[in-house]
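Notes follow once the structure below has been shown.
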Amino acid sequence: MTVRLKTAILISGRGSNMEALIEAARDPGYPADIRLVLSNRAAAAGLASARAKGIEAIAIPHRDFASREAFDEQVSRELEARGIELVALAGFMRILSPAFIRRWAGRLVNIHPSLLPKYPGLDTHARAIAAGDKEAGASVHEVTEILDGGPVIAQEKVPILAGDTADTLAARVLEAEHRLYPQALARHASAMLERR
Ligand code: GRF
């Protein structure tokens, strides 16, 4: 039987990348087994879609905690209580504390809607269009203490077309994200499994 890493997905909203990962992980040969979806927002639509797919999904509202560190500590506790080995951020809109990032170093990945190292942070599509770029895309990367600055695992490019707005470009990039993230998470999980 294939060894699979117990994996959690952290979200804040819609969760379309989360859905792509859950779908990919339905294949018993996929090296990441999605055990938990965790959101810092109780209203995140992705919580309901994860539950509908039979995945445990919980909200830990960050406003319930006095500090970023206290919130992150609770997230780690929930992950560790379930033996989680790999964490995938998918539209998780919280900056994580250095302590959390160190605790999960090498086991924490994110998807970002730009061709990193270009455009870390927010408003990536508007910035790519304003710069006159001919292509945009998505990156999956390891999370380090540098925001959107960790080693890139995989990227997919899409063209920027005449007349694109931030919204039309975002939609094209999102389709690429849904292809890229399952492949990149599998690559990272397999590399982790080979090392142990
Ligand atoms: C995606 O564009 C992702 O790259 C960014 O936030 C968006 C999340 O979308 N970090 P979804 O919640 O996965 O649908």
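Below, each value reflects all heavy atoms present in this structure, side chains not excepted, and no hydrogens, waters or symmetry copies. Atoms within a ligand are numbered from 1 in the order they appear, just like the ligands themselves.
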Notebook entry, point to check: What residues, two or more places apart in sequence or in another chain, satisfy side-chain hydrogen bond (donor to acceptor under 3.5 Å, both in side chains) together with D27?
Noted result: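 Expected list: none.
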Note to self: Donor-acceptor check, side chain of R127 to backbone of P120, threshold 3.5 angstrom: yes or no?
What the structure shows: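 Here the side-chain-to-backbone pair exists.
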Show me a pair-per-line table, with atom names and distances to 0.1 Å, of protein N or O atoms that are under 3.5 Å from an N or O of ligand 1.
residue	atom	partner	partner atom	Å
ligand 1	2 (O)	E177	OE1	3.2
ligand 1	2 (O)	E177	OE2	2.9
ligand 1	4 (O)	E177	OE1	2.6
ligand 1	4 (O)	E177	OE2	3.4
ligand 1	9 (O)	R14	NH2	3.0
ligand 1	10 (N)	I111	O	3.3
ligand 1	12 (O)	G15	N	2.8
ligand 1	13 (O)	S16	N	3.3
ligand 1	13 (O)	N17	N	2.9
ligand 1	13 (O)	N17	ND2	3.0
ligand 1	14 (O)	R14	NE	2.5
ligand 1	14 (O)	R14	NH2	3.2
ligand 1	14 (O)	S16	N	2.8
ligand 1	14 (O)	S16	OG	2.5

Checklist line | Residues V140, L180; criterion side chain to side chain contact (heavy atoms under 4.5 Å, CB included); working and verdict | finding: CA-CA 8 Å; V140 175; L180 179 71; 3.8 Å; yes
Next item on the list: Walk me through it: do R196 and E85 pass the test salt bridge (charged side-chain N to carboxylate O under 4.0 Å, His left out)?
Entry: CA-CA 12 Å; R196 67 180 199 187; E85 301 168 287; 2.9 Å; yes
Check: Are a donor atom and an acceptor atom from the side chains of E69 and S97 found within less than 3.5 Å of each other?
Finding: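 No - no donor-acceptor pair under 3.5 Å links their side chains.
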Note to self: Looking only at side-chain N and O atoms, does N110 offer a donor or acceptor that is under 3.5 Å from a partner on Y181?
What the structure shows: no
